[in-house]
Amino acid sequence: MWKFLLLGLATLLITVNFSCRKMLDIQATHVSAEPQQWKSITDTKSALMGIYGLFRAALSNNDGQWLYGELRTGDFSVYNRNDLSAIRRNELNAAFPVLQDLSDWRRFYAIINSASVFIEHAPSVQVADTRYSDVNLKYDIAQARALRAFAYFYMVRIWGDVPLLTAAYDNGSFAAMPRTNSKTVLDFCDRELLAAAADLPYLYGVAPESYYGANQGTWSGALLNKVSAYAILAHVAAWEGNYVNVDVYTSFVLNNYAKANITYTDVNTLTAANGLFSQRFPSQIVAFGAMDINGESGQSGHIEELTLAQPIIARQKQDIYISRDTLASIFTDPYDLRFGTDTIAKAIRTNYITNYNSDMPVFSKIKVLRDGVTDGTYPIYGSVILFTRLEEITLLRAEAQAVLGRRDDAIRSLNIIKSARGLPIFVADSPENIVDAIFAERRRELLGEGWSWYDLIRYNRIRQNNPAFTTLIQNGGIYWPIATNVLSANNLLQQNPYWK
């Protein structure tokens, strides 16, 4: 796939350089002869892989997946980096290059525009190349639509209202546009994902049919499938507070995941250096891989760049860490298999944490190093960016069931995860609020996967027991400011009010 990813990125270079740079700001001065790029099945394959590559690039840029979703007011503390400390304090207009770069949404519009270009041009390939079948085209268009909708969902969570573009801007006419209400954008996401889900398969390349000449094993965990689409739909609905739809979509995932060879993940597989985060697994319901064997690994764009230090790699201090006090507040049961006390060996379990007794414990839940070992001062990382897996969807379903007043169902869903992690089950007569229990379990299970900030927002929308955070939500302080270079290039855009 890496070979085709490179080809796809090369094919889309004009789109990125012009459409991404000029999108929503000024008119391009020249464009590529786009029809020349859509003559064969090789063109569609490289272009589709290019969209996936652009998505990973957007999420890995400056470790954005974790700085957007994990660091703000979260469980990680910062060591000796003022820019990261500003993010943690929600001071997102501080004068640091990293913050300004993360405020720039044009990487996401590169995904969106590339997907739109694909949707508009891929059908023409059938005329030029008879190998490009109706089924192939259907699967490809469905993926492009799903990826475009997914990119918009990410943007709404980060910036709130964003301009909604549904056509490709590959002809030089990059008209300025104002921001579109986030509800309108999410309604578009919902429609597009439902349409894509109808066409997406559970598995690609199932014998005797192949997909782009490859079998099921090649594509396992690499592409969005029908289950992936419904998982994203569930999160779009949750962000909107539409828990009836969350219940419907998570139910679909949990009733059909076996058709896509998806399974639950035990703690050892979740945290092993060669486990869930190390390669493509069907259980990565939505993920963007970086396998070293395909040349996709690197030193940046992985959480390990922020979290690892000695004794795992040759680095004295990590950028972010979880203090012992915070660990004690998160993992309250000594029998927790993720982080707890082994009462027989009289030792701390190290599935999530290494070097616990140091002043800065190392968060080592995700620790994918090239060949499974460190190469000293310059480690190479190969972990996937994982959006969701069955454990996360199960807890999201529990969240929906609790909000809808189905407490017994919510308890059953919650206990699936608690039992799998060695914890006592939540009993029906427990005085603990079930919503609190579900989000506490999400905090433990999904630590380091980019959910902390978004979970905090949903939790406070449901419970409304934190006046300061409720005010932050109402005033738009949960969103990022828009980069000044984006604003200056498009006079129809206005800064998020909280950051004016």
Side-chain angles (χ1 to χ4, degrees), residues 2 55-72 74-81 83-84 87-88 98 102 221 265 267-281 284 287-323 326-327 338-339 349-356 358-387 389 445-453:
W2 179 244
F55 215 125
R56 175 164 182 109
L59 298 183
S60 64
N61 174 60
N62 283 315
D63 302 309
Q65 168 74 358
W66 303 280
L67 301 191
Y68 288 133
E70 196 72 41
L71 191 58
R72 289 172 75 181
D75 293 318
F76 284 89
S77 298
V78 178
Y79 173 74
N80 202 31
R81 275 194 62 176
D83 52 356
L84 299 188
I87 294 174
R88 193 178 188 282
V98 168
L102 289 172
T265 305
V267 170
N268 290 333
T269 304
L270 179 66
T271 61
N274 61 349
L276 182 68
F277 289 93
S278 69
Q279 52 189 297
R280 296 191 183 105
F281 286 91
Q284 299 161 352
F288 299 91
M291 294 176 64
D292 184 71
I293 194 173
N294 292 334
E296 299 167 355
S297 56
Q299 286 186 276
S300 62
H302 304 261
I303 189 175
E304 296 96 328
E305 179 187 11
L306 300 171
T307 57
L308 293 189
Q310 292 182 340
I312 299 175
I313 63 171
R315 183 187 187 191
Q316 290 296 319
K317 298 291 184 181
Q318 62 272 48
D319 289 332
I320 61 175
Y321 66 98
I322 303 178
S323 70
T326 300
L327 286 168
R338 295 159 296 197
F339 177 79
R349 291 192 180 91
T350 58
N351 284 312
Y352 272 25
I353 300 294
T354 300
N355 210 15
Y356 170 74
S358 71
D359 58 339
M360 291 171 54
V362 175
F363 178 74
S364 55
K365 172 185 176 182
I366 305 171
K367 47 185 177 296
V368 182
L369 301 166
R370 184 168 64 187
D371 301 324
V373 297
T374 179
D375 61 351
T377 307
Y378 303 102
I380 302 298
Y381 308 117
S383 57
V384 304
I385 295 178
L386 178 62
F387 176 72
R389 49 190 171 90
E445 179 66 20
L446 304 173
L447 189 61
E449 297 182 33
W451 282 109
S452 173
W453 176 247

Between [atom1] on residue [X] and [atom2] on residue [Y], distance to nearest 0.5 Å:
| X | Y | atom1 | atom2 | answer |
| --- | --- | --- | --- | --- |
| Leu71 | Ser77 | CG | OG | 9.5 Å |
| Asp319 | Asn80 | CG | CG | 9.0 Å |
| Ser297 | Tyr381 | OG | OH | 11.5 Å |
| Arg72 | Ser452 | CZ | OG | 10.5 Å |
| Leu308 | Leu369 | CG | CG | 6.5 Å |
| Leu446 | Lys365 | CG | NZ | 6.0 Å |

Looking at [X] and [Y], what are the two nearest heavy atoms and their distance?
| X | Y | result |
| --- | --- | --- |
| Ser364 | Thr354 | OG-OG1, 2.7 Å |
| Glu70 | Leu447 | OE2-CD1, 4.1 Å |
| Tyr68 | Leu102 | OH-O, 2.6 Å |
| Gln318 | Ala309 | OE1-CB, 3.5 Å |
| Ser323 | Thr326 | OG-OG1, 3.0 Å |
| Ile366 | Ser383 | CG2-CB, 3.8 Å |

Quiz item: Using a distance-only test with no angle check, is there a side-chain donor-acceptor pair under 3.5 angstrom linking Ser60 and Gln65?
Solution: no

Quiz item: Can you list the steps and then say if Ile322 with Thr307 is a side-chain contact (heavy atoms from CB on, under 4.5 Å)?
Solution: CA-CA 9 Å; Ile322 303 178; Thr307 57; over 6 Å; no

Practice problem: Quick one: do Ile320 and Tyr79 satisfy side-chain contact (heavy atoms from CB on, under 4.5 Å)? Show the steps, please. | Solution: CA-CA 6 Å; Ile320 61 175; Tyr79 173 74; over 6 Å; no

Main-chain N/O of [Y] paired to [X] side chain as donor or acceptor, under 3.5 Å:
| X | Y | answer |
| --- | --- | --- |
| Gln284 | Gln279 | yes |
| Arg88 | Gly74 | yes |
| Asp63 | Gly301 | yes |

Quiz item: Can Leu67 and Leu306 be said to form a side-chain contact (heavy atoms from CB on, under 4.5 Å), step by step?
Solution: CA-CA 10 Å; Leu67 301 191; Leu306 300 171; 4.1 Å; yes

Quiz item: Do the charged groups of Glu445 and Arg338 touch, with an N to O distance under 4.0 Å?
Solution: yes

Quiz item: Is Lys317 paired with Asp359 through a side-chain N to carboxylate O contact shorter than 4.0 Å?
Solution: yes

Self-check item: Working for side-chain contact (heavy atoms from CB on, under 4.5 Å), residues Ile380 and Gln299
Solution: CA-CA 5 Å; Ile380 302 298; Gln299 286 186 276; 3.6 Å; yes

Quiz item: Mind checking whether Phe363 and Tyr321 have ring centres under 6.0 Å apart?
Solution: no

Exercise. Could you tell me if the ring centre of Phe387 sits under 6.0 Å from that of Phe288?
Key: no

